[in-house]
Amino acid sequence: MNPSLQGIGMTSQRTRDRMVNRLIEQGIRSNKVLDVMRSTPRHIFVDEALASRAYEDNPLPIGYNQTISQPYIVARMTELLLKAGHLSKVLEIGTGCGYQTAILAQLVDHVYSVERILPLQKKAKNNLWELKIKNVSYLHNDGGWGWPEYAPFDGILVSAAPPEIPETLLQQMTMGGVMVIPTGESGRQALQRVIRSEKGYEVEELDAVSFVPFLSGRE
Ligand code: SAH
């Protein structure tokens, strides 16, 4: 790895190893998820001034009133999504700076990632280019529409919270498909996992979480 990707001091491999040990203590069990989080440099996804804090278990600002999700949430959502086994096509809503995208892209065949704020999408593209991650397609749009041209998806991961699970996204799931999505108003959100079967949609309510709101339209 080139030196700026590898990191030094607070952005070094030792710091990433410590973050992964914390994730294990917090209950993350998937070795696949832990391995990609150990090897992916999170500090390149935040402003240089915040790089030394990139491995703390906190969300950090990425501009435009948005935040990069904390490492535990990224790990937890990825683990929940992968429980059903190998995924070939995953729709991600809320590309942001692209960190969650980078983790997913190393674990599934292809990621289709939608972001409503154009400058964030550009940041994410640059970050993933730097890491040579190429199995990602990007769309600048309101993710409430999903991505009909490539639907259905066997996985959907949403990283902003709508009041309820959008019907359009449910329709873009394959039979057997999985969706992980936070829902609810600020202050009282919960992570939901939806599994689609012949019988319908099975919804499990999981952890209490805190996400930025799912907004409509594009900027
Ligand atoms: N996974 C990202 C999280 C960024 S925060 C990261 O780790 O960086 C959530 C993101 O969802 C923001 O970038 C926000 O602009 C985006 N977002 C919110 N509502 C959206 C919508 N309806 N469609 C697409 N993106 C949306």
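Atoms within each ligand, like the ligands themselves, are counted from 1 in listed order.
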Subject >> R188/E185 salt bridge by N-O under 4.0 Å criterion >> reply: no
Subject >> Residues K32 and D35 bridged, charged N to O under 4.0 Å >> reply: no
Do me a favour and list the nearest non-hydrogen protein atom to [atom] with residue, atom name and distance?
atom: atom 12 (C) of ligand 1; value: Q66 OE1, 3.3 Å
atom: atom 22 (N) of ligand 1; value: L215 O, 2.6 Å
atom: atom 23 (N) of ligand 1; value: G143 N, 2.7 Å

Original post:
Does T95 reach ligand 1, in the sense of a heavy atom lying below 4.0 Å from it?
Top reply: yes
Original post:
Does ligand 1 have an atom that lies less than 4.0 angstrom from a heavy atom of S216?
Top reply: no
Hey, which atoms in ligand 1 end up nearer than 4.0 Å to a heavy atom of [X]?
X: G94; value: 1 (N), 2 (C), 3 (C), 10 (C), 11 (O), 16 (C), 25 (N)
X: L120; value: 13 (O)
X: V212; value: 5 (S), 9 (C)
X: I93; value: 23 (N), 24 (C)
X: V114; value: 24 (C), 25 (N)

Heavy atoms only: which of [options] lies closest to [atom]?
atom: atom 16 (C) of ligand 1; options: R218, E92, E115; answer: E115
atom: atom 3 (C) of ligand 1; options: I117, L60, T67; answer: T67
atom: atom 9 (C) of ligand 1; options: G96, G63, S159; answer: S159
atom: atom 20 (C) of ligand 1; options: Q70, M77, R116, Q100; answer: R116

Subject >> Test item: side-chain donor near acceptor, H110 and S137, under 3.5 Å >> reply: yes
Original post:
If you measure only the distance, is there a donor-acceptor pair under 3.5 Å linking the side chains of Q121 and T95?
Top reply: no
With heavy atoms under 4.0 Å as the rule, classify the contact between [X] and ligand 1 as side chain, backbone, both or neither.
X: D142; answer: both
X: N141; answer: backbone
X: A160; answer: side chain
X: P213; answer: backbone

Distance in Å, [X] [atom1] paired with [Y] [atom2], rounded so as to fall on 0.5 Å steps:
X: I68; Y: S159; atom1: CD1; atom2: OG; value: 10.5 Å
X: D17; Y: Y55; atom1: CG; atom2: OH; value: 10.5 Å
X: M10; Y: S52; atom1: CE; atom2: OG; value: 6.0 Å

Is the side chain of [X] donor-acceptor paired with the backbone N or O of [Y] at a distance under 3.5 Å, no angle test?
X: D142; Y: S216; result: no
X: D154; Y: K89; result: yes
X: R16; Y: R38; result: yes

**OP:** Mark yes when over 12 heavy atoms from residues, nucleotides or ligands other than I24 sit less than 6.0 Å from its CD1; otherwise mark no.
**Re:** yes
